[in-house]
Amino acid sequence: MVRIVVAAEIVPDEHRVAIVPEVIPLYIGAGLQVVVQSGAGRYALVADEAFAKAGAEVVDAVEAATVDVLLHVRPLNPAVVKKLRPGAITVGVCSPSSQLAAVRALRDRKITSFAPDLVPRIARAQAVDVLSSQAFVAGYRGVLEAAVRLPRLFPLSMTAAGTLPAAKVLVLGAGVAGLQAIATAKRLGAVVAAYDVRPATVDEVRSVGGTFVDLDLESADGGGGYAVVRSPARANRQQELLTPHVAECDVLITAAAVPGRPAPRLVTKTMLRAMRPGSVVVDLSAEIGGNVEGVRPGEEVEVEVRGGGVVRVLGLKDAASALPVDASRLYARNLAELLLMMTKDGEIVPDFDDEIVGGTCLTHDGVVRHGPTAALLRGGT
Ligand code: NAD
């Protein structure tokens with residue numbers, strides 16, 4: 001019987017787990033066996049007993065040589081890959097462009113690796129889309145991080161002691177994370193405005209309760225839900241036009257990204273200095289270079305503003321991992337959808353001609369199948 005194995009994550013501060021009890025019956029129903037390392041669900045609040053009750057075998061240590069399919073959250077360490085048997089399958093986020101040593105190890109060990117972070121953004125692939133599911137969690141978390149730092153309340157409040165105005169939140173980048181940030185800030189009672197370079201987001205922003213900031217600039221829509229890199233002139237003009245909107249908000253959330261590129265720089269130090277003291281900035285793109293000048297992933301920096309006082313700038317890091325219960329639920333379901341797509345009669349039989357299966361396959365039989373990653377390796381970078 002094919003053994004699906006989940007080991008405890010080894011990256012410090014990674015609290016998610018690649019399987020939850022709800023999906024175990026799906027694997028078992030497809031004729032697969034599930035093995036989970038004891039303690040793997042500790043931070044996601046899944047006890048060993050819950051895994052066992054759902055039908056998994058719980059083991060103290062994972063024997064790499066006996067793994068048929070390894071499910072993981074973080075990109076695998078090359079040392080772990082080298083212990084797997086050739087022909088084994090791995091399924092989990094690979095972030096290949098920044099993990100070339102791991103990609104080489106997967107290739108050289110003849111592992112068939114599936115990276116759901118490479119999934120094509122087509123409607124049929126939505127259930128497999130880990131970037132979306134984890135961005136959804138991050139968008140929510142970003143707003144909460146801002147709310148606890150803001151020295152004011154979010155909602156308009158009429159009390160016996162007087163009326164408090166609603167806080168103003170500006171969201172830049174209205175993809176999955178940005179839209180969830182808008183919805184969350186709105187639920188907390190803030191007045192929310194947002195901007196994105198793709199015209200399709202105008203209605204999406206409005207549908208979650210935000211006002212779209214129209215800068216009267218040409219679109220930078222690359223199709224398929226993605227933006228393209230802007231010309232320097234357009235980037236400068238965008239900054240110029242956004243400056244008064246940034247200056248006016250109490251909370252700025254940035255969540256802009258361009259696939260395969262460092263995060264676009266949307267907010268300069270000069271723009272930050274024009275904000276009101278006490279304002280809070282949370283950059284959800286901090287780990288991919290940051291939308292805000294001077295942001296540092298996982299850190300909070302203070303920027304002095306013109307009139308005196310400071311703005312706090314937080315570079316959000318590991319946001320989904322900070323909410324491991326629900327992030328794991330979504331992630332585990334994404335992986336199950338992908339793996340079950342390739343399971344027939346208890347065997348894993350990937351059809352590489354399928355757009356989703358082929359698109360997520362990073363390495364197979366000693367070959368790096370993902371074109372951009374193969375090109376990076378050829379370039380020796
Ligand atoms: P992303 O992380 O690549 O980018 C986030 C947002 O930043 C995008 O909306 C983008 O337009 C915006 N952006 C880029 N440069 C900008 C700039 N200079 N200024 C302002 N905004 C900028 O995208 P994402 O969140 O992963 O997905 C974007 C969209 O793709 C989603 O909203 C959805 O419509 C679509 N999508 C479809 C599927 C699917 O059908 N399977 C899955 C996921 C996403």
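Just so it is clear, the model here is predicted, and its values are computed rather than measured. Counting starts at 1 for both ligands and their atoms, following the listed order.
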Which atom pair, heavy atoms only, marks the closest approach of [X] to [Y]?
X	Y	result
Val292	Asp283	N-OD2, 2.9 Å
Pro116	Val93	CD-N, 4.0 Å
Ala327	Arg16	CB-CD, 3.7 Å

Checklist line | Short N-O contact, Asp354 and Arg124, less than 4.0 angstrom | finding: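 Looking at Asp354 and Arg124, the cut-off is met.
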Checklist line | Sidechain N-carboxylate O distance under 4.0 Å for Glu300, Arg149 | finding: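 Yes, charged N to carboxylate O under 4.0 Å.
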Note to self: As a quick check of understanding, evaluate ring pair (Phe, Tyr, Trp, His ring centres under 6.0 Å) for Tyr195 and His245, giving each step before the final call.
What the structure shows: CA-CA 10 Å; Tyr195 172 72; His245 298 277; 8.8 Å; no
Between the protein and ligand 1, which nitrogen or oxygen pairs come in under 3.5 Å, and how far apart is each?
residue	atom	partner	partner atom	Å
ligand 1	4 (O)	Ala257	O	3.3
ligand 1	7 (O)	Ala257	N	3.2
ligand 1	9 (O)	Gly175	N	3.3
ligand 1	9 (O)	Asp196	OD2	2.7
ligand 1	9 (O)	Arg198	NE	3.3
ligand 1	9 (O)	Arg198	NH2	2.7
ligand 1	11 (O)	Asp196	OD1	2.6
ligand 1	11 (O)	Asp196	OD2	3.3
ligand 1	11 (O)	Arg198	NE	2.8
ligand 1	18 (N)	Arg230	NE	3.2
ligand 1	18 (N)	Arg230	NH1	3.3
ligand 1	19 (N)	Gln238	NE2	3.0
ligand 1	25 (O)	Val176	N	2.7
ligand 1	26 (O)	Arg121	NH1	3.2
ligand 1	26 (O)	Arg121	NH2	3.0
ligand 1	30 (O)	Gly225	O	3.3
ligand 1	40 (O)	Gln126	NE2	3.2
ligand 1	41 (N)	Ile122	O	2.8

